[in-house]
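In what follows, a structure is listed as structure tokens, so that the remarks can point back to it.
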There are 2 protein chains.
Amino acid sequence: MTKLGMREIARRAGVAPITVSRALSRPEQVSEALRTRIMAVVAEAGFIPDRVAGSMRSSGRIIGTVVPPLINSGIAEQVKGMADACAANGYQLLLMQGEFSPAAEDQAITALLGWRPAGLVIQAFVQSRQARERIARAGVPVVEISEIRGRRPIDRVVGVSNYRAAHAMTMHLARRGYRRIGFVSTPVHGNDRLRQRRVGYRAAIRDLGPDYPAGLEVEVPITPQGGAEALSILARRDPALDVIFCSSDTLAIGAVQECHRRNWAVPGRMAVAGYGDLDLAAQIYPALTTVRVDREAMGRVAIEALIHGRREMVDVGFEIVQRESA
Amino acid sequence: MTKLGMREIARRAGVAPITVSRALSRPEQVSEALRTRIMAVVAEAGFIPDRVAGSMRSSGRIIGTVVPPLINSGIAEQVKGMADACAANGYQLLLMQGEFSPAAEDQAITALLGWRPAGLVIQAFVQSRQARERIARAGVPVVEISEIRGRRPIDRVVGVSNYRAAHAMTMHLARRGYRRIGFVSTPVHGNDRLRQRRVGYRAAIRDLGPDYPAGLEVEVPITPQGGAEALSILARRDPALDVIFCSSDTLAIGAVQECHRRNWAVPGRMAVAGYGDLDLAAQIYPALTTVRVDREAMGRVAIEALIHGRREMVDVGFEIVQRESA
DNA sequence: CTGTTAGCGCATTCAT
DNA sequence: ATGAATGCGCTAACAG
């Protein structure tokens with residue numbers, strides 16, 4: 001049995017190879033009679049066109065993406081959105097897991113570019129200067145999914161203003177009657193998103209006016225234990241504290257746990273708000289009040305921005321999810 | 001500026017294109033002098049070899065994978081394991097999100113095969129007969145990540161015995177003194193893993209002997225609400241019920257929530273065990289006793305099995321995670 | 001609508 | 001250790 005290629009399919013159907021090619025990728029350019037005959041042969045032979053060879057001449061249909069090492073929580077939803085949008089448009093997703101160092105990022109992007117992607121989606125701003133140059137030289141469109149405030153993107157951006165979201169949640173808590181709002185952050189160093197959340201919180205406290213107690217902050221590792229610890233620290237620092245706003249649901253869940261251990265009613269004795277709306281947020285007891293960002297939409301929109309060539313900066317927005325914990 | 005290719009790099013370095021190719025992929029075959037000179041030119045020009053063209057002649061370095069639509073929880077960890085192992089071995093991960101229908105599965109696999117993958121990782125047994133034929137014809141190695149009991153794989157399998165895991169958990173609960181063990185399942189239709197969990201539970205109840213009360217089961221949708229509902233149903237059916245074993249953590253979390261609502265102490269009034277060890281499992285109150293499977297290892301091992309051509313069936317094993325809820 | 005010709009950029013094969 | 005010739009399988013460009 002000859003290795004199955006278009007040439008062989010064409011021979012069996014009694015046409016030229018290019019006609020098979022057209023029947024497969026632009027059916028409308030081939031007469032119905034030929035098309036039917038060709039498709040029958042293709043189906044019968046189980047022929048699968050070689051996209052590698054196809055990409056040699058026409059533009060490829062691969063979209064490369066670099067995702068952070070922790071594919072937990074939100075990132076997975078983004079990937080889902082990307083995969084869906086790719087499938088819907090006939091593209092394939094080439095996934096690289098990146099570390100956070102600029103060198104690793106550059107390496108990941110280089111590996112992706114080698115596959116002649118139709119575009120790149122990066123889950124943050126590209127940091128490495130070298131990577132930016134490579135991308136520019138390759139002339140490949142890029143979408144950065146990130147904080148959209150105060151940055152100049154390489155090309156297109158899809159994201160949310162973490163600043164506005166954190167600001168809104170802080171105001172929301174104040175409106176609900178909490179007087180002493182503590183803020184728990186994970187280390188903001190080198191992470192725009194986290195930094196903007198903190199900045200948003202501070203701005204809100206300022207906007208609440210001089211009558212309102214000054215802010216109260218602590219920075220802890222991004223683990224439930226970190227959240228528990230933060231609660232202890234802040235409650236000790238200010239006994240009047242009545243709510244803590246955690247810059248991630250993971251922290252918030254840890255804080256709620258700590259309340260259970262102390263037998264503190266949530267939100268009676270201490271209220272807790274999170275950020276992210278993880279799956280768990282709605283499922284723990286009490287259900288978590290948090291900030292929700294539609295990560296799946298971010299992924300989908302990123303791919304669409306790439307494919308349809310929209311050059312705008314897309315803000316997918318956020319939502320304050322009011323549940324029981326605050 | 002000429003489009004940068006090996007030809008141009010070769011010209012600048014004063015060598016033949018093939019020498020550049022060798023310097024890049026088999027450095028040991030090129031003299032140090034030339035290699036150094038070539039690498040300098042490559043770096044200076046920011047040259048990235050075209051892997052698409054490269055794959056035309058040599059075998060590609062892409063591994064295709066089909067993942068279920070819900071990239072939540074465990075699947076994300078598997079993908080992480082795969083991505084890591086791919087990166088460590090110089091491969092790229094081509095990700096397709098598959099639906100569960102055989103037709104969609106076939107389509108996904110076809111799309112992947114078009115890219116001449118070095119191998120395929122499928123997150124279940126391939127169901128579609130057509131897909132199996134395509135894979136066979138393409139001669140591509142496949143790893144199925146799945147239930148490993150009682151199935152004949154296409155090629156290689158990496159997985160765990162859901163049967164043994166569920167059996168072990170049931171025995172574990174009995175050993176801890178629970179007398180009436182209910183089992184909550186999600187619909188097992190068409191899903192080996194879920195079916196084997198139920199079979200394992202039943203076998204354990206049988207093994208516990210005639211003195212032990214007969215099993216008590218219910219099947220509900222895989223949502224926290226399903227778990228809450230299951231608790232209500234089983235508790236009504238048998239007031240002596242003292243523990244429920246849920247075939248997924250999602251259900252278990254819902255059941256625990258329902259206990260909170262009823263003011264039932266967990267595990268005092270009702271104990272709950274889960275399956276899967278989601279992130280949340282350790283974080284809810286009380287922390288969930290569950291079955292843990294190292295999904296990340298599954299992903300990693302799958303890729304390694306593919307690359308290193310191991311043809312065995314790998315059982316990554318499981319672990320009973322004893323926490324507070326049961 | 002269909003076919004002919006040519007070549008995408010690299011790595012294999014065979015020489016030197 | 002280096003190079004020349006050749007073609008991987010497909011599709012763009014140009015005919016007919």
Side-chain angles (χ1 to χ4, degrees), chain A residues 1-39 41-42 45-62 90 111 113-118 137-139, chain B residues 2-39 41-42 45-62 90 110-111 113-118 137-139:
Chain A
M1 167 176 145
T2 322
K3 185 65 178 302
L4 229 49
M6 268 193 188
R7 170 187 254 115
E8 174 64 13
I9 298 296
R11 200 189 55 69
R12 294 192 196 175
V15 297
I18 185 67
T19 307
V20 176
S21 173
R22 283 200 271 249
L24 254 19
S25 48
R26 290 160 183 184
E28 73 282 0
Q29 291 189 7
V30 176
S31 68
E32 178 150 355
L34 273 191
R35 194 172 57 218
T36 313
R37 192 158 91 226
I38 291 169
M39 292 316 249
V41 175
V42 166
F47 170 66
I48 301 175
D50 185 329
R51 308 226 168 267
V52 175
S55 298
M56 287 289 290
R57 296 208 52 70
S58 72
S59 68
R61 295 203 144 250
I62 276 194
L113 286 175
W115 285 100
R116 298 196 185 178
R137 193 158 21 203
Chain B
T2 321
K3 185 66 179 303
L4 227 51
M6 269 193 185
R7 169 186 253 117
E8 174 63 15
I9 298 297
R11 200 189 55 70
R12 295 191 195 175
V15 297
I18 184 64
T19 307
V20 176
S21 173
R22 282 199 271 250
L24 253 20
S25 49
R26 289 163 185 179
E28 74 282 2
Q29 291 190 7
V30 175
S31 69
E32 179 150 355
L34 272 192
R35 194 171 58 218
T36 315
R37 195 159 88 226
I38 292 170
M39 294 315 251
V41 175
V42 165
F47 171 67
I48 301 175
D50 185 330
R51 309 237 165 257
V52 174
S55 298
M56 286 288 290
R57 299 208 51 73
S58 71
S59 69
R61 295 203 144 251
I62 276 194
T110 303
L113 286 175
W115 286 100
R116 295 195 184 180
R137 194 158 20 203

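So you know, we letter chains A, B, ... as the sequences are listed, proteins then strands, and number each from 1.
Contact of the B:Arg11 side chain with the B:Arg7 side chain is not registered, since no non-hydrogen atoms from C-beta on lie closer than 4.5 Å. The closest side-chain heavy-atom distance from B:Thr19 to B:Arg37 is not below 4.5 Å.
With values rounded to the nearest 0.5 angstrom, B:Arg51 atom CZ is found 10.5 Å from B:Ile62 atom CD1. Expressed to the nearest 0.5 Å, how far CD1 of B:Ile9 lies from CG of B:Leu24 amounts to 9.0 Å. Here the CH2 atom belonging to A:Trp115 is positioned 10.0 Å from the CZ atom belonging to B:Arg61, to the nearest 0.5 angstrom.
Computed from coordinates, the A:Arg11 CZ to D:dG9 C1' distance equals 17 Å when rounded to whole Å. Protein atom CD1 of B:Ile38 is 8 Å distant from nucleotide atom P of D:dG3, rounded to whole Å. Nucleotide D:dT11 holds its P atom 8 Å from the CG atom of A:Leu24, rounded to whole Å.
A:Ser31 has a side-chain polar atom (N or O) that falls below the 4.0 Å cut-off from OP1 or OP2 of C:dT2.
Among the protein residues, A:Glu28 comes within range of the sugar-phosphate backbone only, with heavy atoms under 4.0 Å from sugar or phosphate atoms but none that close to a base.
Taken over five-pair windows at either terminus, the axes of the helix from C:dC1-D:dG16 to C:dT16-D:dA1 are inclined to one another by 20° (rounded to 10 degrees).
Under a cut-off of 6.0 angstrom, the local environment of CZ in A:Arg116 is crowded, with over 12 non-hydrogen atoms contributed by other residues, nucleotides or ligands.
Listed for the A:Arg137 side chain is a donor-acceptor partner under 3.5 Å among the backbone atoms of B:Ala45.
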N/O contacts under 3.5 Å, protein versus nucleotides 9-12 of chain C?
from   : atom 1 : to      : atom 2 : distance (Å)
C:dG9  : N2     : B:Ala53 : O      : 3.4
C:dC10 : OP1    : B:Asp50 : N      : 3.3
C:dC10 : OP2    : B:Met6  : N      : 2.7
C:dA11 : OP2    : B:Ser21 : OG     : 2.3
C:dA11 : N3     : B:Arg57 : NE     : 3.4

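Every residue two or more places apart in sequence or in another chain that forms a side-chain contact (heavy atoms from CB on, under 4.5 Å) with A:Pro17 is listed here: A:Ala10.
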